[in-house]
Number of protein chains: 2
Amino acid sequence: MTIKDIARLCGVSVSTVSRVLNDRPDVSEENRRRVLEVIESSNYIPNNTARDLVKTKSDAIGLVVRGVSNPFYTDIIRAVEDSITAEGFTMVMQQIGTCDDEIKRGAMMEREKRLRGIVFLGGRSDYTPEELTVLNVPFVCCSYANQYGTLPEGSYASVSIADEEEAYRAVTELYRCGHRRIAALVARTDDRAISQLRYQGYLRALADCGLPTEEELVIRAGSFDIGDAYRATAEKLRQEADFTAVFSIADNMALGAMRALREAGRRVPEDCSVIAIDGLTMSEYFHPMLTTLCQPMEEMGRRSVEILMDMIHGRGRPRCETVRTVLRRGASVRRIN
Amino acid sequence: MTIKDIARLCGVSVSTVSRVLNDRPDVSEENRRRVLEVIESSNYIPNNTARDLVKTKSDAIGLVVRGVSNPFYTDIIRAVEDSITAEGFTMVMQQIGTCDDEIKRGAMMEREKRLRGIVFLGGRSDYTPEELTVLNVPFVCCSYANQYGTLPEGSYASVSIADEEEAYRAVTELYRCGHRRIAALVARTDDRAISQLRYQGYLRALADCGLPTEEELVIRAGSFDIGDAYRATAEKLRQEADFTAVFSIADNMALGAMRALREAGRRVPEDCSVIAIDGLTMSEYFHPMLTTLCQPMEEMGRRSVEILMDMIHGRGRPRCETVRTVLRRGASVRRIN
DNA sequence: GTGAAAGCGCTAACAT
DNA sequence: ATGTTAGCGCTTTCAC
């Protein structure tokens with residue numbers, strides 16, 4: 001069933017049918033009604049492929065997700081998908097490994113799929129202007145930004161929290177509660193992305209509080225995976241590392257750490273406090289409830305798509321939005337002063 | 001950059017370039033090399049849209065996810081996406097609400113996107129042959145099956161656990177541990193899908209164990225959402241319902257229930273045991289560790305795509321695979337006999 | 001082995 | 001207001 005068949009069935013030309021299909025005004029009411037009727041009764045659905053071809057563009061937005069093991073992305077993916085669909089576009093999602101280059105993969109998808117835009121979830125924060133030249137459609141970085149300042153103002157879009165500052169805030173919160181031996185649970189300290197940024201916030205907070213930086217206090221999990229965090233924390237505890245609080249760069253990792261603490265006989269928060277950043281729903285159900293800086297995930301997904309749409313429709317330059325976290329006080333942090 | 005440009009650059013015809021692009025044998029080695037060279041150096045990527053149009057089919061597999069709030073789907077979505085990409089196809093994902101009709105949405109997508117196949121995640125279990133006629137491409141039901149037997153053998157494909165039986169198994173496990181007052185935490189009892197099937201398994205188990213069915217023992221959450229499960233359980237506890245164990249139809253819901261129990265002053269498992277079905281990674285990190293029947297999620301996603309590929313490539317009829325769960329004993333169930 | 005040409009289903013001038 | 005027609009970029013006969 002093609003547009004031709006509909007045209008024949010209605011006794012009109014294909015252009016008339018096409019006009020009805022695209023809600024053009026220049027069709028007589030009578031013809032419009034007839035065409036609509038036939039379309040309805042024949043169950044006709046236009047071939048998007050043909051439409052895309054002639055318009056030399058599709059209705060697809062690519063979502064490139066880097067690092068699959070973080071449940072933090074789940075809610076964002078949902079919000080992104082919802083928004084994209086609500087805007088009349090289609091989401092094509094592709095996951096890539098932590099070692100893959102999201103820009104290259106995005107560029108591939110862009111051309112193969114004739115994408116109209118791309119949302120990157122969880123990428124590096126230090127793109128160079130040169131490597132971005134392969135991208136010819138608007139894109140927006142969701143949940144991370146160019147926080148190393150390697151890109152000129154206005155040349156890219158992002159929606160994220162201020163990772164370094166929020167980490168700083170979390171750590172000083174522990175300091176205010178009297179903690180002086182504060183450990184950091186990180187994925188890596190050199191990923192040029194979220195983990196490194198939050199680690200830097202941790203370091204700055206320690207410095208500002210007049211606390212020394214010690215390798216003993218850094219728990220390196222290697223990834224954002226809950227199991228890795230659990231094992232790394234367990235190992236650190238086995239070495240009898242001395243700390244009264246843990247700042248985890250992610251909720252997910254904090255939950256792994258809490259199990260390790262528990263199994264090592266250290267109660268949270270009596271023997272060790274835990275604070276994290278992310279605000280997973282799940283964290284509210286743990287015992288003790290995790291104290292965490294909540295990212296507005298639904299909003300972040302939504303805003304990302306809004307910015308992308310503005311760019312696609314030529315409304316304004318790319319812009320970077322920084323959203324604030326909200327401290328959700330659970331019961332995993334104890335005052336000790 | 002189109003195929004024409006490449007042809008011109010190489011001094012050959014578009015057909016020759018097309019042949020090279022599609023790995024046809026009938027091209028001279030010399031031409032092939034030249035074309036490949038130019039393609040490489042010019043960064044040319046074929047327009048998939050045009051290819052799809054002429055082949056009257058795309059490389060897209062649709063993933064229709066129904067009910068967004070269940071973290072159980074996360075891992076499956078990942079496995080499905082990985083497998084689809086590995087097979088050289090593209091995943092187009094669409095989420096739909098619990099009230100939407102997945103078959104209708106699938107049919108829409110099928111035609112708009114020229115899908116080659118569809119994976120349904122979380123649908124009803126009682127399709128009629130008639131309503132499936134709108135689907136003209138192979139599809140596979142992932143994580144649920146036609147367990148009401150409304151479809152003729154060999155007319156659909158699925159990968160799932162035997163929901164009713166696994167629920168039966170979970171409940172009898174509680175019985176064996178001495179529990180006689182066993183509550184069921186369900187989403188609904190009439191959704192013609194997973195919740196109802198597992199509830200039926202619960203009922204059968206009670207009957208076989210000679211235990212009466214009581215409304216007092218049914219906690220109706222209305223959805224699979226953790227918050228709904230938490231609230232429903234809290235409400236049931238406020239009514240001082242009398243039970244020593246809870247069978248939750250999903251891990252996620254069990255975690256909500258455990259918080260409600262804790263807040264009501266009931267310790268798990270000392271005062272109340274909890275068992276569930278799903279096997280979320282997260283459940284291993286809760287305290288007490290949740291005892292649950294684990295579904296092989298990664299395998300389920302992978303197998304679904306394998307079956308779909310077989311159907312797309314005309315290898316064999318649709319088939320239904322039932323996978324077994326594995327009991328992961330946590331610490332949430334206590335023997336009381 | 002290679003090229004010319006006819007479409008795939010649709011949109012968008014352009015003509016009427 | 002409506003119809004005619006030329007492509008969009010590619011694959012695939014069908015000649016040569």
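A salt bridge links B:E131 with B:R124: the closest approach of a Lys/Arg side-chain nitrogen to an acidic carboxylate oxygen falls below 4.0 angstrom. Salt bridge A:R19/A:D26: present, at least one basic N to carboxylate O contact under 4.0 Å. Between A:D59 and B:K113 there is a salt bridge, since a side-chain N of the basic residue sits under 4.0 Å from a carboxylate O of the acidic one. Comment: B:R33 does not engage B:E29 in a salt bridge, judged by the lack of any side-chain N to carboxylate O separation of less than 4.0 angstrom. A salt bridge is absent between A:E30 and A:R32; no separation between the charged side-chain nitrogens and carboxylate oxygens falls under 4.0 Å.
Taking atom CZ on A:R51 and atom P on D:dC10, their separation rounds to 22 Å, with Å as the unit. For the pair A:R8 CZ and C:dC10 P, the computed distance is 13 Å after rounding to whole Å. The distance from atom NZ of A:K4 to atom P of C:dG9 is 8 Å, rounded to the nearest whole Å. Atoms CG (A:L21) and C1' (C:dG9) sit 11 Å apart, rounded to a whole Å. To the nearest angstrom, P of C:dC10 lies 9 Å from CG of B:L53. With rounding to whole Å, B:R24 atom CZ is found 8 Å from D:dT11 atom P. The separation between B:K57 atom NZ and C:dC8 atom C1' is 13 Å, rounded to whole Å. A straight line from CG of B:N47 to C1' of D:dG9 spans 6 Å, rounded to a whole angstrom.
Partners of A:R24 by salt bridge (Lys or Arg N to Asp or Glu O under 4.0 Å), not counting sequence neighbours: none found.
Comparing C:dT2, D:dG9, C:dT11 against the side chain of A:V14 picks out C:dT11 as the nearest. The nucleotide whose nearest atom lies closest to any side-chain atom of B:R19 is, among D:dG9, C:dG3, D:dT2, C:dG3. Nearest nucleotide to the A:K55 side chain, out of C:dC10, C:dT11, D:dG9: C:dT11.
Remark: A:S13 is in phosphate contact with D:dG3, judged by side-chain N or O atoms under 4.0 Å from OP1 or OP2. For the OP1/OP2 pair of D:dT11 and a distance below 4.0 Å, the side-chain nitrogens and oxygens of B:N22 include at least one atom meeting the criterion. Distances shown here put every side-chain N or O of B:S15 at or beyond 4.0 Å from the OP1 or OP2 atom of C:dA4. In this structure, A:T16 reaches the D:dG3 phosphate: one of its side-chain N or O atoms is under 4.0 Å from OP1 or OP2.
Looking at heavy-atom distances under 4.0 Å, A:R114 makes no contact with the nucleic acid at all. Within 4.0 Å (heavy atoms only), B:T56 reaches sugar-phosphate atoms of the nucleic acid but no base atom. Heavy atoms of B:S18 sit under 4.0 angstrom from at least one base atom. Nucleic acid contact class of A:D26 (heavy atoms, under 4.0 Å, all strands): base.
Residues of residues 31-45 of chain B that place a heavy atom closer than 4.0 Å to DNA chain C, in numerical order, are B:N31.
The two residues B:I76 and B:S143 come nearest to each other via the heavy atoms CD1-CB, 4.3 Å.
The cationic group of B:R66 does not satisfy the cation-pi geometry with B:F120, failing either the under 6.0 Å distance to the six-membered ring centre or the 45° limit from the ring axis.
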